[in-house]
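A, B, ... follow the sequence lines: proteins, then strands. Residue 1 opens every chain. Everything numeric here is computed off the predicted structure, so don't read it as measured data.
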Amino acid sequence: MIQKPSIPKGTRDFLPAEVVKRNYIFDTIREVFRLYGFQPIETPAMENLSTLMGKYGEEGDKLLFKILNSGDFISKVPEKIIDEKDSGKLTPQISEKGLRYDLTVPFARFVVQYRNDLTFPFRRYQIQPVWRADRPQKGRYREFYQCDVDVIGSDSLLNEAELLQIVDDVFGRLKINTVVKVNNRKILAGIAEIIGEHNRLTDITVAIDKLEKIGLEKVNQELAEKGVAVEAISRLQPILDLSGNTSEKVGQLEAILSTSETGMKGVSEIKTLFEYIERMQLTAQVELDLTLARGLNYYTGAIIEVKTTDMDMGSICGGGRYDDLTGIFGLPGVSGVGVSFGAERIYDVMEQLSLYPQKSAESTRVLFVNFGEKEEAYCLSLLSKLRQAGVNSEIYPESAKMKKQMTYANKKEIPFVVLAGESEMGSGKFTLKNMTSGEQHVVAAEELIKIVIQS
RNA sequence: GUGGAUGUAGUUCAGUUGGUUAGAACGCUGGAUUGUGGUUCCAGAGGUCGCCGGUUCAAGUCCGGUCUUCCACCCCA
């Protein structure tokens, strides 16, 4: 019985043309990362659940893909737990591994484990897939690639500034217009402190994160529903109303947050960061956005989010500073900062705006038409020479009909076809056909190589 | 996880109040053209109508379930 072939929900196969385009994105990003002195690492697709659980908040734990233990995983589970039918209790009994949810937490684990082999500040990049058991949507998949750059073991805000420069550089090369939004968790903490709700930080940030989307009224409503005091909400209003350019906002914040040590620290960090990037002359516009919260709860300082201004799409890049991610793994006091580029969303943006360079679609440059055994043998040495000269070339593997071979070349968008039959063999030459113009000339091997390389 | 929409040749889509052999365009294969692709003309192949069940004399069409894709919420790259 045959079954219809399929792949799991939210995953995708990639055809050659798609892989070529994706590689163009990966190559561009990788090139920039290396330019700024970052080194590559890789970590396994699966991690111990103890490494992953509790790092992404309650929501995150639910979105982790868990791997069933091998062998007879059920017999050792106490009957009581099975009878209770409580997934929360059963899961740790039958699963101890999970697919990684992002690259930052595995990186923290990695840093702690290899601390003696690494040179700090450690600048690493990592381009690998991650998995989330989210419900798929446009621009949201269950398996997707992240391209992370992080500097760990340095408090300097110069790192934040350099990451913004990298962001600017990458999207400049990919020709995507962006707006970079920056905020600081310390400012958000300061705000929570000032309004007297310092232990409701998460609820407050999640709510004001929606300001742009649902409006002030609904944000206030949500805050009230979450149990934030009415007085605190009213004290929050002037902060949500902040307007003007970055330096104006900073000025107002300094006045509002003057009694909060944490808040003032955040404001000073933002000031320093903007001083740096002013000197770096970025192309993209960078703005302070107090409504930017970002859910990942390990961020402690700067938070960064990048959106394209070319179309409506979720963030295509995001990140921030985490002061103590390695602490959980036994190495406290090591601060890191990083950003993650979302390859799939960048792909979707580039696809819709047709931003791929023409050249990236091409694979084979020269096809040898196969006329039979003798002709095949005649072609092989030139084929080798072309390849040695770095020209992507292939010979049709059987002496099929001419029309079929030409159609093959046409579909693969091969720009040159070499024809060598009896008459060419007699003269020791080759017919080179330009598939774009339709012109063809009889030339010697050396000249053929020269023409192909030069065009 | 909650709510809503969707699914018909390889692809994009038609398909009337349920009614006989489910259509088109593009693509594919072959031919016109035995050493020449893209244009044109001719012919042909290709569908358990997502899957399972129900209602009916009769289901692509109605009902239930399930899966996929998409949208909103949640969250996020």
Side-chain angles (χ1 to χ4, degrees), chain A residues 1-12 15 25 29 56-64 87 101-104 127-148 167 202 205-207 209-210 213-214 218 222 292-297 303-308 312-319 338-349 367 369-372 375 396 399-425 430-440 442:
Chain A
M1 185 173 136
I2 50 162
Q3 53 164 353
K4 232 180 211 178
S6 66
I7 55 174
K9 185 204 286 224
T11 65
R12 292 152 307 151
L15 293 166
I25 295 171
I29 291 173
Y56 310 104
E58 220 173 295
E59 269 315 297
D61 283 355
K62 282 188 211 156
L63 298 178
L64 282 171
S87 314
Y101 180 90
D102 72 357
L103 300 177
T104 306
I127 299 177
Q128 287 191 282
V130 303
W131 294 268
R132 294 182 189 177
D134 213 350
R135 187 178 283 213
Q137 258 182 60
K138 190 112 202 145
R140 177 181 297 193
Y141 307 95
R142 288 186 146 181
E143 177 185 58
F144 62 96
Y145 272 75
Q146 288 194 328
C147 313
D148 273 36
V167 166
T202 307
T205 53
V206 166
D209 186 37
K210 295 176 192 162
K213 208 168 176 183
I214 63 176
K218 290 205 170 164
E222 185 169 325
L292 171 62
R294 289 190 65 78
L296 292 177
N297 55 13
I303 38 185
I304 298 160
E305 187 166 280
V306 184
K307 286 190 161 189
T308 175
D312 191 31
M313 166 73 78
S315 66
I316 52 178
C317 179
V339 293
S340 178
F341 291 78
E344 325 298 326
R345 288 188 180 174
I346 293 172
Y347 179 93
D348 288 347
V349 170
L367 173 79
V369 169
N370 191 325
F371 285 116
E375 293 86 345
Y396 200 87
S399 61
K401 279 183 189 163
M402 183 84 172
K403 183 189 168 92
K404 190 169 182 179
Q405 300 190 42
M406 293 300 283
T407 305
Y408 174 85
N410 201 48
K411 277 197 191 143
K412 281 187 77 175
E413 292 179 66
I414 299 173
F416 292 102
V417 166
V418 174
L419 303 148
E422 248 172 72
S423 62
E424 286 88 350
M425 284 164 69
F430 299 87
T431 295
L432 178 68
K433 174 162 175 140
N434 180 321
M435 293 294 279
T436 317
S437 65
E439 283 173 28
Q440 59 186 59
V442 180

Checklist entry - Counting side-chain heavy atoms from C-beta on, which of B:G37, B:G3, B:G35 comes nearest to A:Arg135? => result B:G3
Item to check | Sub-4.5 Å side-chain heavy-atom contact between A:Val167 and A:Phe341 | outcome: yes
Next on the checklist: Does B:U36 have its OP1 or OP2 closer than 4.0 Å to a side-chain nitrogen or oxygen of A:Gln440?
Outcome noted: no
Checklist entry - According to a strict under-4.0 Å criterion, is A:Lys411 in side-chain N/O contact with OP1 or OP2 of B:C28? => result yes
Item to check | Touch class at under 4.0 angstrom, heavy-atom based, for A:Gln137 against every strand present | outcome: base
Item to check | Donor-acceptor contact below 3.5 Å, side chain A:Arg132 vs main chain A:Tyr101 | outcome: yes
Checklist entry - NA contact type, A:Gly60, heavy-atom cut-off 4.0 Å: base, sugar-phosphate, or nothing? => result nothing
Next on the checklist: What contact category does A:Ile316 fall into here, base, sugar-phosphate, or nothing, at under 4.0 angstrom with non-hydrogen atoms?
Outcome noted: sugar-phosphate
Next on the checklist: Under the criterion side-chain contact (heavy atoms from CB on, under 4.5 Å), I'd like the reasoning laid out for A:Arg345 against A:Cys317: C-alpha separation, chi angles, the key distance, then a yes or no.
Outcome noted: CA-CA 9 Å; A:Arg345 288 188 180 174; A:Cys317 179; over 6 Å; no
Checklist entry - With respect to the side chain of A:Met402, which nucleotide from B:C70, B:A72, B:U36 is positioned closest? => result B:U36
Item to check | Whole-Å gap separating P (B:U40) and NZ (A:Lys403) | outcome: 12 Å
Item to check | Side chain of A:Arg140 - closest among B:G35, B:G1, B:C74 | outcome: B:C74
Checklist entry - Using a cut-off of 4.0 Å on non-hydrogen atoms, how would the nucleic acid contact of A:Lys307 be classed: base, sugar-phosphate, or nothing? => result nothing
Item to check | Under-4.0 Å side-chain N/O to phosphate OP1/OP2 contact, A:Lys138 with B:C70 | outcome: no
Checklist entry - Heavy atoms under 4.0 Å, any strand shown: does A:Gly372 hit a base, just sugar-phosphate, or nothing? => result nothing
Checklist outcome for this item: Side-chain atoms of A:Asn410 come closest, of B:C73, B:G38, B:A77, to B:G38
Item to check | Sugar-phosphate, base or nothing in reach of A:Thr436, heavy atoms under 4.0 Å | outcome: base
Checklist entry - Reckon A:Ser423 touches a base, only the sugar-phosphate, or nothing at all at heavy-atom distances under 4.0 Å? => result base
Checklist entry - What is the distance, rounded to the nearest whole Å, between atom CG of A:Leu292 and atom P of B:C76? => result 11 Å
Checklist entry - At under 4.0 Å between heavy atoms, what does A:Glu424 touch on the DNA or RNA strands: base, sugar-phosphate, or nothing? => result base
Checklist outcome for this item: Closest to the side chain of A:Arg132, out of B:C76, B:G35, B:G37, is B:C76
Next on the checklist: Quick one, A:Phe416 and A:Leu367 - any side-chain contact, counting heavy atoms below 4.5 Å?
Outcome noted: no
Checklist outcome for this item: Of A:Glu422 and A:Lys401, the one whose closest nucleotide on RNA chain B sits nearer the 5' end is A:Lys401
Checklist entry - When Watson-Crick pairs (N1 to N3 and N6-O4 or O6-N4) and G-U wobble pairs (N1-O2 and O6-N3) count only below 3.5 Å on both distances, what is the dot-bracket string of RNA chain B, with | for other-strand pairs? => result (((((.(..((((.....[...)))).(((((.......))))).....(((((..]....)))))).)))))....
Next on the checklist: Looking only at the side chain of A:Tyr141 (C-beta and beyond, no hydrogens), which of the listed nucleotides B:G37, B:A77, B:C74 gets closest?
Outcome noted: B:A77
Checklist entry - Does any non-hydrogen side-chain atom of A:Leu419 lie less than 4.5 Å from one of A:Phe371? => result yes
Checklist entry - Touch check for A:Gly139, heavy atoms < 4.0 angstrom, all strands: base, sugar-phosphate only, or nothing? => result base
Checklist entry - B:G30, B:A77, B:C75: which one has an atom nearest the side-chain heavy atoms of A:Lys210? => result B:C75
